Amino acid sequence: MTENQGRHKPVTLEDIAKLAGVHSRTVADAIKGTGRVAAATREKVLQIAKELNYVPNAAARALATGRTNTVAVLSGPLNEYYFANTINLLETHLTAHSYDMMLLHTRREARDLLSATKVSMADGVIIIGINLLTEAFLQAKSPSQPCVLIDTTDDFKVDHIVLDFGPAIEEALDLMLHAGKKRLAYVANNVNDSARDEVR
DNA sequence: GATTGTCACTATACTAAGTG
DNA sequence: CACTTAGTATAGTGACAATC
């Protein structure tokens, strides 16, 4: 039983360095695999790290590099297919590029993110759709924070991907009209002017 | 040239000392 | 006593220097 034996100080590069007889800087390079460490030294360091169950301290790494490899995502309600599907795709792509995804969907989380990104808790922010939550975030956001908005509008002064639902709506209308339907209703949240114009 | 070491730096929390 | 300020520690890394 090695667990629950009390709260131990985490194993650090310094601990490994002492056992390996090298500098902590060398241990960092060996573990990271930068290639500037001799093969024998690297093998020795990795062996000791494995024996000590060394786990890199992500907070310290973020502090030193200014990067967390984490992308914060603000979206609309996850019980809506569009948001759930988009988040699923985002996660797939972020994971493929060795990024973690921090999913936020409450005002409190968005507020925390505003302060958190100031200390590099997230490398950037992706916002899916404009709603009360994301709009408040965009208006309060510091200009230094990397941010991409995915929506049907580009009203906000951030990098953005504009979605054009026009062709899809037209295709849906054609299908309805060809089916002989005469009275059509359009049900949506936050219908903006551009989207409304598409429904003719 | 390859390998390793040194220094400075990061944001935050904590402690000690100084001041009113 | 309450508050402010300064110093220190933390874990890891970038840039550069030193050694063989």
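Every chain is numbered from 1, with letters handed out A, B, ... down the list of sequences. What you are looking at is a predicted structure, and each value in this text was computed from that prediction instead of being measured.
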Enquirer: Can you give me the closest heavy-atom contact between Ser75(A) and Phe83(A), atom names plus distance?
Expert: CB-CD2, 4.2 Å
Enquirer: Assess the residue pair Ile87(A) and Ile128(A) against the criterion (side chain to side chain contact (heavy atoms under 4.5 Å, CB included)); give the C-alpha distance rounded to whole Å, side-chain angles, the decisive distance to 0.1 Å, and a yes or no.
Expert: CA-CA 9 Å; Ile87(A) 286 167; Ile128(A) 310 167; 3.8 Å; yes
Enquirer: Please report the C-alpha distance between Ile31(A) and Leu13(A) in whole Å, then the side-chain angles of each, then the deciding distance to 0.1 Å, and finally whether the side chain to side chain contact (heavy atoms under 4.5 Å, CB included) criterion is met.
Expert: CA-CA 9 Å; Ile31(A) 289 173; Leu13(A) 295 179; 3.9 Å; yes
Enquirer: Starting from C1' on dT10(C), measure out to CG on Leu13(A) and report it in whole angstrom.
Expert: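 Those two atoms, CG and C1', are 12 Å apart.
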Enquirer: The side chain of Lys32(A) lies closest to which of these nucleotides: dG12(C), dG5(B), dG14(C)?
Expert: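 Among dG12(C), dG5(B), dG14(C), the one nearest the side chain of Lys32(A) is dG14(C).
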Enquirer: For the residue pair Arg42(A) and Val37(A), establish whether any side-chain heavy-atom pair is separated by less than 4.5 Å.
Expert: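 Yes - at least one pair of side-chain heavy atoms lies under 4.5 Å apart.
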Enquirer: Side chain of Val37(A), heavy atoms from C-beta onward: which of dT13(C), dG5(B), dT4(B) has the nearest atom to it?
Expert: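 Closest nucleotide to the Val37(A) side chain: dT4(B).
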Enquirer: Rounded to whole Å, how long is the line connecting atom NZ of Lys18(A) with atom C1' of dA11(C)?
Expert: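 That distance rounds to 13 Å.
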Enquirer: Between atom CG in Asp29(A) and atom C1' in dA11(C), what is the gap in whole Å?
Expert: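 To the nearest whole Å, that distance equals 14 Å.
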Enquirer: Could you tell me the separation between the CZ atom of Arg25(A) and the P atom of dA17(C), rounded to a whole number of Å?
Expert: 15 Å
Enquirer: What's the closest nucleotide to the Thr12(A) side chain, out of dA11(C), dG5(B), dT3(B)?
Expert: dA11(C)
Enquirer: Tell me whether the side-chain N/O atoms of Tyr54(A) come closer than 4.0 Å to OP1 or OP2 in dG12(C).
Expert: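 True: Tyr54(A) side-chain N/O within range (under 4.0 Å) of dG12(C) OP1/OP2.
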Enquirer: Given atom CD1 of Ile16(A) and atom C1' of dG12(C), what is their separation to the nearest angstrom?
Expert: 12 Å
Enquirer: Students often get this wrong, so: under 4.0 angstrom with heavy atoms, is Thr41(A) touching a base, only sugar-phosphate, or nothing?
Expert: sugar-phosphate
Enquirer: Between atom CD in Glu43(A) and atom C1' in dT3(B), what is the gap in whole Å?
Expert: 17 Å
Enquirer: Whole-Å distance between dT19(C) P and His23(A) NE2?
Expert: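 In whole Å, dT19(C) P and His23(A) NE2 are 15 Å from each other.
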